[in-house]
Amino acid sequence: MKRILCLRIENESSGSAGERRAGFSPTASDGELKACPLQAVAARCKQFTPLVGLDPDVFPESVLLDITHVVHLFGGETALVQRIAAELSRRAGSWQLRSAVAHTPSAAWALAGYGGEGKMGRWGDGETRRHEDVSISPSPHLPISPSLISALPLEALRLPEPTVALLHSLGVWQVAQLQALPRRELSSRFGPELLDCLDRVTGRLSEPFPAWNPPRQFVVSWSAEFPTARRETIEAALEHLVRRLAALLTHAGRGAMRLECLLKCAAGPAPFDKENWLQVAVGLFRPTAWANHLAQLLQVRFESLQLPGPLDAIRLVAASTAPLELRQIEMFSEGQKRVSPHHLSGLIDRLSNRLGHTCVMRVRLLPEAQPELACHYRPLVLSRDVKRSDLKKLGSPGAKKAPQKTGPTHLFPPRPLRLLTQPVRLPGGIEGQFSFEGRRHRIVGRVGPERIETGWWRGPAVARDYYRVETATGCCYWIFRQLPAGPWFVHGMFD
Amino acid sequence: MSDVPGPHPQACRRLQIEALRQQLARWEEAGALQNLRERPVLLERNVLSSGCPALDAALPEKGFRPGTLVEWLFSREGDGTATLAFRTAASIVRAVAGASRGGAVVVLDRSGEFYPPAAVAQGIEPERLIVVHPGNKADHTWALDQALRCPAVVAVVAWPDALAEKLDGRTFRRLQLAVEQGGGLGLLIRPESVCCLPSWAGVRLLVESLPSNSPYGRPRQMRVTLLRCRGGRGEQTINVEIDDDFSPGSPAGEVKMT
């Protein structure tokens, strides 16, 4: 018989300042857990049992523990729950904790959430730290008492909202009332999931345990014996760290998508961070665990870095990781090495990290008549996450050319290769010639007008007549006249 | 070297220059072959078409050899030099399409005036384009070097803004070595004013626009002068005609030799 303990945590101050104050140490690993109190609780519960369950979608606000074979180590279920409550209250803020032990996750969850009023312990700042009010199913060796389940309200069954509302309107409020109804008709009337939910709580239907493991942290750190500003020492330390981190990542089969290098300076000024941690982040285009590449990227960032003071410690974190792509080595590829995708991703990583993410762009064409809006730039390396589907498209032969992407541009007359960021007004207007950038150009030929009237929904509407004009020297300009009968502008050159 | 016998100092000098030129050509040939053997073979073919038959015919190898820097010198704004450069890039993209993985085209544009739809209309798919906006000249040179060095990049187009001034010999040589390692083409668009400066580029072309003598300004007429080319005679002039008013669907306009 399985014994599942459900801890239902109602966090009064989730994410508020009060909770953060209450006892989490400011290390990076806790910093991440701070963002998700449930995961923090689950991580702490790992010391009591190897099987901790967490699934916020199925069991909201709850952490489940499979305590089947560990109870005797703690001297009984009540004692175990007391130990857990004490552990949680020691380290964390003010929570309301309800707990229940049952034979299935659903039953434990239902009892912890709805198993009678007044059975609630409260821990935290200034509150009582006792926790005798824990609802435990009567005996550790028996299945759960049917009367406890029968007394539960319908909400405890995790039914869909409309079903609950329908049952309420029919006067069914408690599980006991539901159990009194004939099973076969329940299924045809309310769908099969009603019976499933009910059977999971009563134990007729077995249920998988939503096992959870804490995400792996890829952190390596180094601290100097005494603060140093020697670049050689720092670089050597950094390279050593990168190799260690790469080894960690390779072992886990993951590649870094974002590296954060935290530098603690002994006498640094405050503005970077309150704790004098200077952060250098490196974003990657494709996950990698290749130490040389990571070291190279960090080196590029370090070249332009001014340390505010001697360095005390370095902490290197793979803040975001993704599964590593493994590629089989070709045996007979000696003579003709093929271009592998890491060549391009390596180039993009290097460019993005030295020049900045917003300086290395991909191009998207939009079906837009207004020339300056018909083209959209997007960074190739996003600061947070990269869509892997985008990644595959780049640099591969464009076999699947989307017609709607390039279609509209083919319908327009030719566009100039050079488009001025701002159209330049021609002061004298146009009478067979125009002067631009201090030179007079005589017009000998023209194509047009191409009338573009659009954008009224963006504010001032755009109304222009575009001409492609050829000057006496054979140069081609793209000029337009603001309608109606407004001034003339140069917008681009057919360079 | 002044003891070379000869009846006339002028003729003597000409002979000397010719001998030196041949020697240089042999060295370059050897060096290029060496590099070809060492670098990853990106492009199966030995010569890349410029996308312009008239120009191909004038080049000694009937195209550009992979791993070459090509300088396009423009005489005026709007004379169509960049159009020719992008036409070359598009022709390379067409050549590698489906042949192997990779095939990105990197455009370095400091001014932010490059307009991608025109390049797409030439036949370069937007998925292949990577546009880089370097902040200063040092970054521009560095990015150019990195892009040329990458075997997955088939063509790097450097927009004129940062190459208007002199490139020092060492930097230029580094770029040349980078492109030989990468095996793509480096298309550097530079103003005519750098014509008198020394160059490490394999090919140097001067482009001048000619009046089209048509009321619609097309087809465009250009005169391309082959100022320098590995293994070829210098100072060769050809006329190129480009009609870029193509119909929807066709990859590029008709190019005729006149």
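From a predicted model like this one, the values you see are computed outputs, not experimental measurements. Reckoned from all heavy atoms, side chains included, excluding hydrogens, waters and symmetry mates. The chains referred to below are lettered A, B, ... by the order of the sequence lines, with proteins before strands, and numbering in each begins at 1.
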Legend entry - Electrostatic pair E127(B):R362(A) at N-O distance under 4.0 angstrom: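 Salt bridge between E127(B) and R362(A), a charged N being under 4.0 Å from a carboxylate O: no.
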Gap separating the [atom1] atom of [X] from the [atom2] atom of [Y], nearest 0.5 angstrom:
| X | Y | atom1 | atom2 | answer |
| --- | --- | --- | --- | --- |
| L365(A) | E125(B) | CG | CD | 11.5 Å |
| Y377(A) | L129(B) | OH | CG | 8.5 Å |
| H140(B) | L355(A) | NE2 | CG | 10.5 Å |
| L108(B) | C359(A) | CG | SG | 11.5 Å |
| R128(B) | L344(A) | CZ | CG | 11.0 Å |
| R418(A) | D109(B) | CZ | CG | 9.5 Å |

Inset, instruction - Heavy-atom distances under 4.5 Å only: say whether F74(B) touches chain A with side chain, backbone, both or neither. - result: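 The answer is neither part of F74(B).
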Legend entry - Option that, when pairs with chain B are counted at under 4.5 Å, heavy atom only, ranks first among V363(A), V360(A), L417(A), L347(A): L417(A)
Legend entry - Selection from M493(A), R439(A), E372(A) maximising heavy-atom pairs under 4.5 Å formed with chain B: M493(A)
Inset, instruction - Dump the intermediate steps for side chain to side chain contact (heavy atoms under 4.5 Å, CB included) on E113(B) and L420(A), then the final yes or no. - result: CA-CA 5 Å; E113(B) 289 178 346; L420(A) 300 176; 3.5 Å; yes
Legend entry - Whether over 12 other heavy atoms sit under 6.0 Å from R440(A) CZ: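 Yes, CZ of R440(A) has more than 12 neighbouring heavy atoms, counting only those of other groups under 6.0 Å.
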Inset, instruction - Give a yes or no on this: more than 12 heavy atoms of other residues, nucleotides or ligands lie within 6.0 Å of atom CZ of R458(A). - result: yes
Closest approach of [X] to [Y] (non-hydrogen atoms, all atoms of both residues):
| X | Y | result |
| --- | --- | --- |
| P416(A) | Y115(B) | O-CD2, 3.4 Å |
| S209(B) | T473(A) | OG-O, 2.7 Å |
| R350(A) | W142(B) | O-CH2, 3.4 Å |
| R76(B) | C475(A) | CB-SG, 3.7 Å |
| E470(A) | L210(B) | OE2-O, 3.9 Å |
| T421(A) | S111(B) | CG2-O, 4.3 Å |

Legend entry - Backbone N/O of G78(B) and side chain of D495(A): donor-acceptor pair under 3.5 Å: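 Looks like yes, one N/O pair under 3.5 Å.
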Legend entry - Proximal to chain B - members of residues 289-298 of chain A, heavy-atom separation under 4.5 Å: none
Legend entry - Flag side-chain contact, heavy atom, 4.5 Å: E77(B) against E437(A):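 Yes, close enough: below the 4.5 Å cut-off.
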Legend entry - Side-chain touch R220(B)/C476(A), heavy atoms, less than 4.5 angstrom: yes
Inset, instruction - Specify which of L84(B), V132(B), V207(B), V131(B) makes the most heavy-atom pairs with chain A at under 4.5 Å. - result: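 Maximum pair count with chain A is reached by V131(B).
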Inset, instruction - Mind ranking V105(B), D139(B), V106(B) by heavy-atom pairs under 4.5 Å with chain A and telling me who comes out on top? - result: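 With the most close heavy-atom pairs to chain A, the winner is D139(B).
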